[in-house]
Amino acid sequence: MAKILNISAENFLSLQDVKLTLRPLNVLVGPNGSGKTNILKLFQFIGDVARLDLVPAIEAMGDFENLLFRGKDRKGQTVKLKFSGVISQHASHRALDEYTLSFWQRKYQSRSPGEIGRRLVQRNEEIILKRTAGRGRRITLNGGSLRVLLDEPTDEKFASKKSVSRKPIPGELRLQNAATGLATLRRLGEEYEASGVEALAQIFEQLRLFEIDVDRVRRPSRISTSVTLRADAGNLASYLLYLKDNYSSIFEAICEDVRYVLPGFTGFEFHRIGGSDEAIRLDIVENSLSGTTPLARASFGTIRSIALFAMLHDPNPPSLTCLEEIDHGLHPYALDRLVDRLRDASKKTQIILATHSPAFVNRLNPDELIVVERNEDTGGTRITQPNENLVETLKAETGYNLGELWFSGAIGGVI
């Protein structure tokens with residue numbers, strides 16, 4: 001499974017200068033305004049860069065000034081983002097692929113009196129894709145120029161081998177100063193490492209920011225080939241029908257999870273609704289009630305539970321999944337099963353989520369927790385990852401579990 005292992009960000013929203021190590025399951029905790037959402041927005045932004053290119057991604061955030069860190073100690077006007085991980089088939093935990101994007105806005109004065117000057121975005125970019133025998137392909141984009149190099153291996157046994165420079169055919173490729181390799185090179189040939197860049201871009205492009213729209217889920221969903229659950233879960237009914245017809249064991253596992261958190265649940269019924277666009281309505285069957293309960297009349301927590309379990313059982317998930325306030329509306333009794341399913345799912349999709357629930361955090365391991373705070377002096381986000389030995393010592397001394405240690409302020413992330 002491709003995965004991101006390390007992230008650094010400079011001058012992006014509240015992420016003035018942060019470094020973060022990611023694991024399969026990553027749970028962000030901290031007070032409101034600390035920067036948890038901005039970490040998720042970082043992934044949303046780089047996904048837009050892969051899908052749309054840099055300038056449209058910036059416009060989706062409002063504008064350049066809207067995403068630039070605004071703290072009093074801001075150093076420079078450049079946003080720099082770096083990701084490293086196991087992305088290409090040759091990368092490993094010892095030799096990571098890397099992607100670095102730096103961008104800024106330059107103002108050009110107008111030569112005509114009274115005319116407003118233009119502001120143009122520019123970028124520098126570097127993509128390092130590891131290869132066998134200690135070698136790696138390094139792609140750099142500076143302005144409109146592109147350079148592809150075969151990296152010198154650092155291992156001593158390869159030290160006698162020389163780096164080999166590969167240059168694009170003159171006139172074959174011209175890039176605008178703001179066009180990114182992440183969006184462009186994947187569409188070209190292997191002389192530009194198209195397949196490696198494609199693998200990198202797909203991690204970000206296919207990122208799922210899962211935010212359940214309960215009102216939308218309550219409505220019937222149009223019958224379609226819903227092979228994936230939408231990010232807002234709006235096609236939950238048709239997606240569950242797809243799983244029932246094509247992945248019966250997964251569908252039964254979802255029903256079993258729902259049965260765990262919803263007393264009396266015995267199954268789902270699917271009702272087709274005719275009209276110009278045929279749709280499907282999902283009903284809940286409960287052994288203590290006659291008839292069925294349409295999702296339109298189900299509780300907020302029930303709908304969220306069903307949607308979460310459906311997402312976590314996805315047979316073909318994206319490489320990266322992000323969720324905000326995962327425990328919202330759920331009874332604490334459901335959290336044991338939810339954490340188990342998150343760990344299962346994280347074997348196939350790397351998960352980053354946010355919570356405010358000590359009860360949820362109580363069920364985590366220290367290495368799954370990321371504490372997020374705001375530096376009052378600079379306004380920037382500060383990230384710490386608890387030391388496992390310290391957590392075990394504090395547990396022994398206080399009798400608190402991990403969530404209670406966090407909520408008490410013993411490991412930070414409260415104010």
Side-chain angles (χ1 to χ4, degrees), residues 4-23 25-49 57-58 60-85 99-104 204 207 209 211 320-327 350-358 360-361 364 366-387 390-391 402-403 405-415:
I4 302 297
L5 299 180
N6 301 293
I7 304 169
S8 66
E10 298 176 14
N11 287 336
F12 182 85
L13 298 174
S14 67
L15 310 182
Q16 178 191 16
D17 185 8
V18 302
K19 293 178 175 60
L20 178 60
T21 298
L22 294 180
R23 296 176 174 85
L25 175 60
N26 307 271
V27 180
L28 309 173
V29 296
N32 292 328
S34 59
K36 300 186 301 298
T37 298
N38 290 339
I39 294 172
L40 302 181
K41 284 184 177 179
L42 170 61
F43 287 99
Q44 181 180 18
F45 174 76
I46 203 68
D48 285 343
V49 171
I58 293 173
M61 296 286 294
D63 56 31
F64 179 79
E65 292 296 328
N66 195 52
L67 61 79
L68 186 66
F69 175 66
R70 296 182 290 113
K72 61 182 179 181
D73 290 341
R74 182 174 68 197
K75 298 177 182 178
Q77 302 283 323
T78 298
V79 176
K80 183 176 181 180
L81 309 175
K82 183 176 181 179
F83 304 83
S84 64
Y99 174 69
T100 305
L101 172 65
S102 301
F103 59 96
W104 61 94
F204 302 123
L207 159 73
L209 279 163
E211 296 184 64
L320 190 60
T321 297
C322 296
L323 307 95
E324 184 129 32
E325 299 299 335
I326 187 170
D327 52 280
Q350 197 169 16
I351 296 175
I352 305 170
L353 62 90
T355 184
H356 284 116
S357 168
F360 182 85
V361 178
L364 301 176
D367 65 351
E368 295 168 334
L369 192 66
I370 298 170
V371 179
V372 184
E373 301 174 304
R374 180 66 68 92
N375 186 317
E376 293 183 2
D377 294 329
T378 66
T381 291
R382 180 171 55 217
I383 292 175
T384 58
Q385 295 176 281
N387 179 281
L390 174 61
V391 168
L402 184 61
L405 288 175
W406 160 58
F407 199 65
S408 71
I411 57 175
V414 177
I415 57 174

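This is a predicted model, so every value here is computed, not measured.
In this structure, Ile351 and Leu353 approach most closely via the heavy-atom pair CG2-CD2, 3.8 Å. Here the closest non-hydrogen pair linking Leu323 and Leu40 is O-CD1, 3.8 Å. Of all the heavy atoms in Ile370 and Gln385, the pair that sits closest is CG1-NE2, 3.6 Å. Counting all heavy atoms, side chain and backbone alike, Thr381 lies closest to Ser34 at OG1-O, 2.7 Å. Taking both residues in full, the closest heavy atoms of Gly412 and Val371 are given as C-CG1, 3.5 Å, listed atom of the first, atom of the second, then distance. The nearest pair of heavy atoms linking Gly379 to Arg374 is O-CD, 2.8 Å.
Using cut-offs of 30° and 60° for the angle between ring planes, the Phe204 and Tyr99 rings count as tilted.
Shown here are the side chain to side chain contact (heavy atoms under 4.5 Å, CB included) partners of Thr355, two or more places apart in sequence or in another chain: Val27, Val29, Asp327, Ser357, Phe360, Val361. Scored by the side chain to side chain contact (heavy atoms under 4.5 Å, CB included) test, Glu325 finds His328, His356 as partners (sequence neighbours excluded).
Without hydrogens or angle criteria, Asn26 side chain to Arg23 main chain gives a donor-acceptor distance under 3.5 Å. Side-chain atoms of Asn66 come within 3.5 Å of backbone N or O of Met61 as a donor-acceptor pair. Glu373 places a side-chain N or O within donor-acceptor distance of the main-chain N or O of Gly413, the cut-off being under 3.5 Å.
Rounding to the nearest 0.5 angstrom, the gap separating the CG atom in Leu20 from the CG atom in Asn6 is 8.5 Å. Here OG of Ser8 is found 8.0 Å from CG of Leu81. Values are rounded to the nearest 0.5 Å. If you take SG on Cys322 and CD on Gln44, they are separated by 9.5 Å, rounding to the nearest 0.5 Å. To the nearest 0.5 Å, the span separating CG on Leu25 from OG1 on Thr321 amounts to 11.0 Å. Atoms CD1 and CZ, on Ile7 and Phe43 in that order, are 3.0 Å from each other to the nearest 0.5 Å.
Heavy-atom neighbours of Glu65 CD from other residues, nucleotides or ligands within 6.0 Å: above the threshold of 12. When the shell of 6.0 Å around CZ of Phe407 is examined, it contains 12 or fewer heavy atoms from other residues, nucleotides or ligands.
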Q | Candidate pair Leu13 and Phe45, rule side chain to side chain contact (heavy atoms under 4.5 Å, CB included), full reasoning | A | CA-CA 11 Å; Leu13 298 174; Phe45 174 76; over 6 Å; no
Q: Output, in order, the C-alpha distance, side-chain angles, deciding distance and verdict of side chain to side chain contact (heavy atoms under 4.5 Å, CB included) for Ile383 and Ile39.
A: CA-CA 10 Å; Ile383 292 175; Ile39 294 172; 3.7 Å; yes
Q.
As a quick check of understanding, evaluate side chain to side chain contact (heavy atoms under 4.5 Å, CB included) for Asp17 and Phe69, giving each step before the final call.
A. CA-CA 10 Å; Asp17 185 8; Phe69 175 66; over 6 Å; no
Q: Show your working on side chain to side chain contact (heavy atoms under 4.5 Å, CB included) between Leu402 and Ile411 and close with a plain yes or no.
A: CA-CA 9 Å; Leu402 184 61; Ile411 57 175; 4.1 Å; yes
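Among the candidates Ile46, Leu101, Thr100, the single residue satisfying the side chain to side chain contact (heavy atoms under 4.5 Å, CB included) test with Phe83 is Ile46.
The salt bridge (Lys or Arg N to Asp or Glu O under 4.0 Å) analysis of residues 26-48, with sequence neighbours excluded, yields the pairs Asp48-Arg51.
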